[in-house]
There are 2 protein chains.
Amino acid sequence: MSVEQFGVVPDGTDATPGVLAALQYCQTHNVSCLVFPNGRYDFFPDFAKDLYLYLCNNDAGLKRIVFPLIDFEEFTIDGQGSEFVFHGLINPFFVSKSSSITLKEFSVDFERSFHSEGRILSVDDEGMDLHIPEHFPYKICGGLLRFVGNDSAVESSNSAASRLVYGSNHLLEFDTTERKTAFMAKDYYFNGTASYPAREIGKRTIRLSIKGLTGKPGNTLVFGPNHRNYPAFVLNESRDICVESITIHHAGGMGILAQLCHNVHIDKCRVTPSKGRILSTTADATHFANCTGLLSLTDNLFENQGDDATNIHGVYVQIARMISSHELLVRLVHPQQIGFDFIHEGLEIEFVDGRSLQTIGEGKVIRKKPLNKEFTQIVLEKPIPEGLTVGDAIAANRDYPEVRISGNTIRNNRARGMLLNCRGKTRVENNYFHTPGAAILFEGDASYWFEQGGVSDCVIQGNTFDNCLFGVWGKGVIDVQAGIHEKRESSRYNRNIVIKDNRFIRGNQSPLLHAFCVDNLQWRDNQIEASRIDNPESPFIISFCSNVSIKDELYCETDPLPNLNT
Amino acid sequence: MSVEQFGVVPDGTDATPGVLAALQYCQTHNVSCLVFPNGRYDFFPDFAKDLYLYLCNNDAGLKRIVFPLIDFEEFTIDGQGSEFVFHGLINPFFVSKSSSITLKEFSVDFERSFHSEGRILSVDDEGMDLHIPEHFPYKICGGLLRFVGNDSAVESSNSAASRLVYGSNHLLEFDTTERKTAFMAKDYYFNGTASYPAREIGKRTIRLSIKGLTGKPGNTLVFGPNHRNYPAFVLNESRDICVESITIHHAGGMGILAQLCHNVHIDKCRVTPSKGRILSTTADATHFANCTGLLSLTDNLFENQGDDATNIHGVYVQIARMISSHELLVRLVHPQQIGFDFIHEGLEIEFVDGRSLQTIGEGKVIRKKPLNKEFTQIVLEKPIPEGLTVGDAIAANRDYPEVRISGNTIRNNRARGMLLNCRGKTRVENNYFHTPGAAILFEGDASYWFEQGGVSDCVIQGNTFDNCLFGVWGKGVIDVQAGIHEKRESSRYNRNIVIKDNRFIRGNQSPLLHAFCVDNLQWRDNQIEASRIDNPESPFIISFCSNVSIKDELYCETDPLPNLNT
């Protein structure tokens, strides 16, 4: 079935009402595929469906959704190569409680990006002069720079009008020529604001009056948004979802967020900025929270996004109060996890020492009473294990997913490549990485991000790591970290990591491997293209590990700690 | 029943969980009164109930509510003179779908106010130097002044922690000695931000780098919040509500908002700042939207609030699209009205010319289909009246309430006293006004605020108007305005206003009466204390009116327009 039958035509008018009617028809009549004849379709928030959404690692809120695929089964949206252009404060896709959904062959962009960019003209101790291109409209008033919406005729008749403010609280320098984050550029955060002290010094030229900024004339300063309100695709409590051959040029948050889903495949997609922008999505290209089944990322391009290419993790709640031998009060601590509703009756859980991340025991939830979106009271089947205290954590002991990451190109974004925090079989093969931070990071903590990690079977092979870690986000091209503050001698949060047959191009001094609190790590048959003379530092930093084996032609140096067995 | 029975004690610990348990018990067991033994009770947001609320003329959002009185009947909360102190981002009272509720004998305050204040030290063309007292914590970072939460030990263990930002986007000067808005002080708005360009110049002393600010050294600059998220009392879809002998020291929004309620009585209450602050609530003291029955405001004190003492009005939706002879798409246009759900099947409505505010016809809604919280499709019983077009408006043709306002003192706040926009019998008697704007304003428009007004039977008598209109907010001490942009010759939006037996103390040049598009206004037997020599300007400005009669010892001057019949 074609959207044309619902009056949707690629003529610049608002396609939203027609698309909503088409979706409703498809659902009611079990239509299996909705086709968009090739063209550019525009979407405005006015008539979009609104729902209050809790979005893990993005911002909760009342969203205006153009494609609300809720309770759909066996349904495909085929864009036939169309461009979908979204206007104003709008959320493109929300797939929830659905199964066997395929989204394919279209691009997603926003007419006005949630971030803004400026070309650096000069820098001194007191601030920076910048030229801001026309497609990032702004106003300076009361000594404050505020980015605003477009004033185009088509928008002013809609609620996506020019009065909109595109608040920013983060600055980051990009190399304009190389089209990637500038060498060793660091994040500037301005929490709790939406604007910057500035004055106009010429036509679309401003003086940013912030002391201590660094930057190279000619480079691009990216003004990151002060929110993650508008991820492009949210997949929620659904199964068997395929996102194929889709280009995400932009999102005000993550590109694809999958939470509490089973079997998600992202294949031949591209996250890449559209013309005139250096940033694509303002946060992670993809992100998976408490998913199960098989998660695959194959043959995708993830470039220039504002955060990692992916992060596959669980969520910890913190124990806020011990009520009785069988009862606990737990809390979702991270503000962007509030409302992440993974606890249910019958849930198998693990109890975790919040400081060492060691598992203290296991249990089962038999009743829950949510106090609000932050705190939940739970009743357990068996007594709470000995030693558990306030500040410790609980995570779902789920059917951890199998992860397949292959054939992807990850480059030029802020921060890291792949964050592997999944206990299922994890295979990372034949990818190309050129990331300013760690290409692959293993993390997990129960004290800040509250992301459950800890791989148990991970093979990284056949990849090319091309001059990674040219920025500040990591301690090694492959970086095994974890928020382990106590019992480092015994806590082994990540286990069974094999790194083999990869190619490392090492033009800088960055360590190739940083390993912390790992058990059983094998490094073998990797080709390292770097002269020992150019890189006198050891490429391996290993601490608090057991059973680490490094077999390569390069020398291996370890710190004086006791647990390294090579 | 006492809250003591639920472990609630006035000892500084979080009383919220105990209060929630007590309320649940009272509801389940039909307890008619919950008593707080006299003392100070503290409330934190952690364990409060959360609900997404749409609050007319305040900001919608997910709120943490301490007193959620939902589906209560015949219930009293008796504070016995207690102080209720709220911490952090928290909403004190939400009364919804309840009847016969009395709230009495306690005070409401916030430990950290949503606004901040600073003492003006000096002013020049480039900005202002200020001293900011300790109870308004702030940080200056990256050239930006941001107000933040308190760092007290008791709060840091809760989610009301010091990382909170108290965003501000409005500045207004107050006279520190007189404790009221400064003479002719004007509002400075900084839409779309939360912070100001500033630098530290001494201990708790800052330089605000905003050009063109005016202010007198010694006076107080109030930094108004950039939201109305935290009104103290919200009364929603309820009937027979009494708020008695309650003091509201502060709210991050309005003091008392009643929406879609029937019979609301506010008696012997005080809206007044607590020690060390010059501002009380950051918005209106009280506010009524689409209420019915009897609304009474008797013997209250409303002082130093950030906006009007009251506003009693209806809400217009705008016609966004004509779908068919019986079908319309309507829109809630004002951002703070989105989600105000007054349209229902069976609703009697009036159709209003959006430019002249003249009623075009009447009708009845027989079906509604909400598209989202902004747009609703409605089906009418009869054809849409001739002449109605996109941009015109619809309001509920309700049983307009009777309004009794007597014995109140209204002074020293920003803006106006009473906004009378109610078509029922309206009596304003024996009040004292010392307001910087109009003491009494009649408004209504279908183009900006979308507030339905237009009195039909209003008597203002026995009041004292003491040197009102010493600020910028109005055209007369009694000010009849309306958003009438066309057909001024025939549109008579406000009708039948009698102003008699009042005392006007007129130490300045402000007009006593400004009347626009009124039919039948009588001014008689008012005592005006001012010398004609000191006040050479006419105190009466009348335009586009019919049947205006002014009988007083002072001269009466009219503009040259034709419809004045004295």
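A note on names: the letters A, B, ... follow the listed sequences, proteins ahead of strands, and every chain is numbered from 1.
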### Task
Measure the acute angle between the ring planes of A:Phe93 and A:Phe67, then classify it against the limits of 30° and 60° as parallel, tilted or perpendicular.
parallel

### Message
Is B:Leu329 in contact with chain A via its backbone, its side chain, both, or neither, using a 4.5 Å heavy-atom distance?
### Response
side chain

### Query
What pairs with B:Asn226 under side chain to side chain contact (heavy atoms under 4.5 Å, CB included), at least two apart in sequence or on another chain?
B:Asn169, B:Ala194

### Task
Against chain B, label A:Ala48 side chain, backbone, both or neither, depending on which of its atoms sit under 4.5 Å from a heavy atom there.
backbone

### Query
Between A:Asp50, A:Leu51, A:Leu213, which residue shows the highest count of heavy-atom pairs closer than 4.5 Å to chain B?
A:Asp50

### Task
Give, as side chain, backbone, both or neither, the part of B:Ala320 having an atom under 4.5 angstrom from any heavy atom of chain A.
neither

### Task
Fit a plane to each ring of B:Phe114 and B:Tyr230, take the angle between them on a 0 to 90° scale, and name the class: parallel (under 30°), tilted (30 to 60°) or perpendicular (over 60°).
parallel

### Query
Do you know which of B:Gly127, B:Gly143, B:Cys141, B:Gly192 has the most heavy-atom pairs with chain A at a distance under 4.5 angstrom?
B:Gly192

### Query
Under a 4.5 Å heavy-atom cut-off, does chain B meet the side chain of A:Lys373, its backbone, both or neither?
both

### Query
At a heavy-atom separation under 4.5 Å, does A:Arg321 approach chain B through its side chain, its backbone, both, or neither?
side chain

### Query
Should the ring pair B:Phe147 and B:Tyr138 be called parallel, tilted or perpendicular, given that the plane angle runs from 0 to 90° and is split at 30 and 60?
perpendicular

## Note on the structure
Max heavy-atom pairs within cutoff under 4.5 Å with chain B, candidates A:Pro197, A:Gly212, A:Ala198, goes to A:Pro197

### Check: B:Thr376 side chain, B:Val330 main-chain N or O, donor-acceptor pair, under 3.5 Å
no

#### Entry: Heavy-atom contact with chain A under 4.5 Å, split by part of B:Tyr52
side chain

### Message
Whether A:Arg112 engages the ring of A:Tyr166 as a cation-pi pair (distance to the six-membered ring centre under 6.0 angstrom, angle to the ring normal within 45°) should be assessed.
### Response
yes

#### Entry: Pairwise distance CZ(A:Phe375) to CZ(A:Arg331) - rounded to 0.5 angstrom
4.5 Å

